[in-house]
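Below, chains carry the letters A, B, ... as their sequence lines are ordered, and counting in each starts from 1.
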Amino acid sequence: MYAFDFVRPKSLNEAVEALQPEEAMALGGGQTLIPTLKQRLASPSKLVSLKGVEEIRGICRDDQGRVCIGGGTTHAEVAAGVPEYPALAALAANIGDPAVRNRGTIGGSLANNDPSACYPAAALASGATIVTNTREIAADDYFEGMFMTALEEGEIITEVRFPVPQAANYQKFEQPASRFALVGVFVAKFEDGVRVAVTGASEEGVFRWTEAEEALSSNFSPDAVQGLSVPAEGMIGDLHGSPEYRAHLVGVMTRRAVAAAG
Amino acid sequence: MTKVSMTVNGEAAEGEVEGRTLLVEFLREELGLTGTHVGCDTSQCGACVVHVDGKDVKACTIFALEAEGAEVRTIEGMANPDGSLNVIQQAFQDHHGLQCGFCTPGMVMSAAALLAENPKPSEHEIRDYLEGNICRCTGYHNIVKAIMAASGQDVSRIAAE
Ligand SMILES: Cc1cc2nc3c(=O)[nH]c(=O)nc-3n(C[C@H](O)[C@H](O)[C@H](O)COP(=O)(O)OP(=O)(O)OC[C@H]3O[C@@H](n4cnc5c(N)ncnc54)[C@H](O)[C@@H]3O)c2cc1C
Ligand code: FES
Ligand code: FES
């Protein structure tokens, strides 16, 4: 690991200030960033720890009934803290392993936008809003491809607001070595329609499967998507699975998610 | 270098570290507590699990400075006050929950965190909780059995020693 300066701001303003230099990076739970630093795939001049920034931790509800999760809230805290959104709690409870969940944060996960990460699917399927120190970004405008997001340099995710669906479920086909999703599908049924977000599968990162959304919006049952499939073209192919296999899993996981959402 | 201080196994500990110094490096190299192991470079093996403020974390994936002021417990702090093995450690010995022993500190720390939150876990819950702890010797069976025994459950019907 290359050396860097380490600063521990106590407030959001101080953190924003500390992130001004181009080579500075935020440190959330470090569950992605520290392994990346060890491999020398990142070489920030300064790390800005968000641990002491209390304002971006915790879970609350807003007057529109949305669940609002601070960007510095850990996976374990989400797993235990959103009883009104069981699919989201279950997703958080199944990220990695207990030690990862005790450190890793929702803000870090969404900022990183790993193509196999779980939270991007939840945020996109829920139509969540990603709130930063400067603005609010709709999930539909936030994810810009593998490891790419709408965030500017030094922008901090302070909160993520999730509308709570009538029914929802996340099905993750685990890649057993990394425990990330080989393919994961989050299905969320709202009064005005169904949203389906797929992670782990596409070379473009998380995406909405609109064909399935339309079919499920008129008939919320596994049968409605029985005949549908996504093209293998553009799916990730690696030693864990071919593009064809991943495309197939998208259909299977979607049907399972719908069945489980009830 | 920055000064860091924390409580380790009930005693005050302090030292000078760099920003990039990992907690596991501080424990092993500064404090000489080499019971916490490092088995990988990818945060995947769990040999380094310790408790920070009561929560199990991978000591290889947290900077020492992030544990400033924290209560840290390592495998060296697990034995009973008289030096005898605690109930989890004893169960690992009784049920052959280790072979080479490399993964054992992390296994014991994860097991202790599990039992603190779930005093009578099922076999499935134990296996699920240990997802981040890799053992290349035992095949896990006796580890699971040891943890069930440590939680006071009857393991006589579980085969294999
Ligand atoms: C063994 C293992 C298994 C895992 N399994 C899964 C899994 O199954 N599913 C899954 O989804 N993830 C998994 N992860 C990743 C885990 O969820 C990480 O916690 C997450 O990807 C990053 O969050 P973090 O808080 O640790 O961020 P960090 O590692 O600290 O940071 C990651 C990136 O986000 C930036 N960042 C951090 N916080 C913020 C913020 N508030 N605002 C803006 N930028 C920020 C950092 O600058 C950095 O670029 C796994 C990790 C490990 C080690
Ligand atoms: S040394 Fe492998 S997870 Fe920490
Ligand atoms: S006993 Fe050897 S690695 Fe587990």
Engineer: Where does A:L33 contact chain B at under 4.5 Å (heavy atoms): side chain, backbone, both or neither?
Structural biologist: neither
Engineer: May I ask you to name which of A:P98, A:A177, A:G96 has the most heavy-atom pairs under 4.5 Å with chain B?
Structural biologist: A:P98
Engineer: Is it true that a side-chain atom of A:R103 and a backbone atom of B:T61 form a donor plus acceptor pair closer than 3.5 Å?
Structural biologist: no
Engineer: Just by modelled atom types, is the B:V57 backbone N or O under 3.5 Å from a matching donor or acceptor in the A:N102 side chain?
Structural biologist: no
Engineer: Measure the shortest side-chain to side-chain distance between B:E131 and A:E174 over non-hydrogen atoms and say whether it is less than 4.5 angstrom.
Structural biologist: yes
Engineer: Is the backbone of B:C60 close enough, under 3.5 Å, to the side chain of A:K38 for a donor and an acceptor to pair up by distance?
Structural biologist: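 Side chain of A:K38 to backbone of B:C60, a donor-acceptor pair under 3.5 Å: yes, one is there.
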Engineer: With a 4.5 angstrom heavy-atom cut-off, is it the side chain or the backbone of B:T2 that approaches chain A, or both, or neither?
Structural biologist: side chain
Engineer: Going by residue number, which parts of residues 39-58 of chain A are within reach of chain B, meaning a heavy-atom gap below 4.5 Å?
Structural biologist: A:L47, A:S49, A:K51
Engineer: Taking side-chain contact (heavy atoms from CB on, under 4.5 Å) as the test, write out the residues that go with A:E17, two or more places apart.
Structural biologist: none
Engineer: Of the backbone (N, CA, C, O) and the side chain (C-beta and beyond), which part of A:R101 lies under 4.5 Å from a heavy atom of chain B, both, or neither?
Structural biologist: neither
Engineer: Quick one: what part of B:I134 sits under 4.5 Å from any heavy atom of chain A, side chain, backbone, both or neither?
Structural biologist: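 Contact with chain A: none, neither part.
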Engineer: Under a 4.5 Å heavy-atom cut-off, does chain B meet the side chain of A:S178, its backbone, both or neither?
Structural biologist: both
Engineer: Using modelled atom types and a 3.5 Å cut-off, is there a donor and acceptor pairing between side-chain atoms of B:R20 and backbone atoms of A:L37?
Structural biologist: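 Checked: no pair found.
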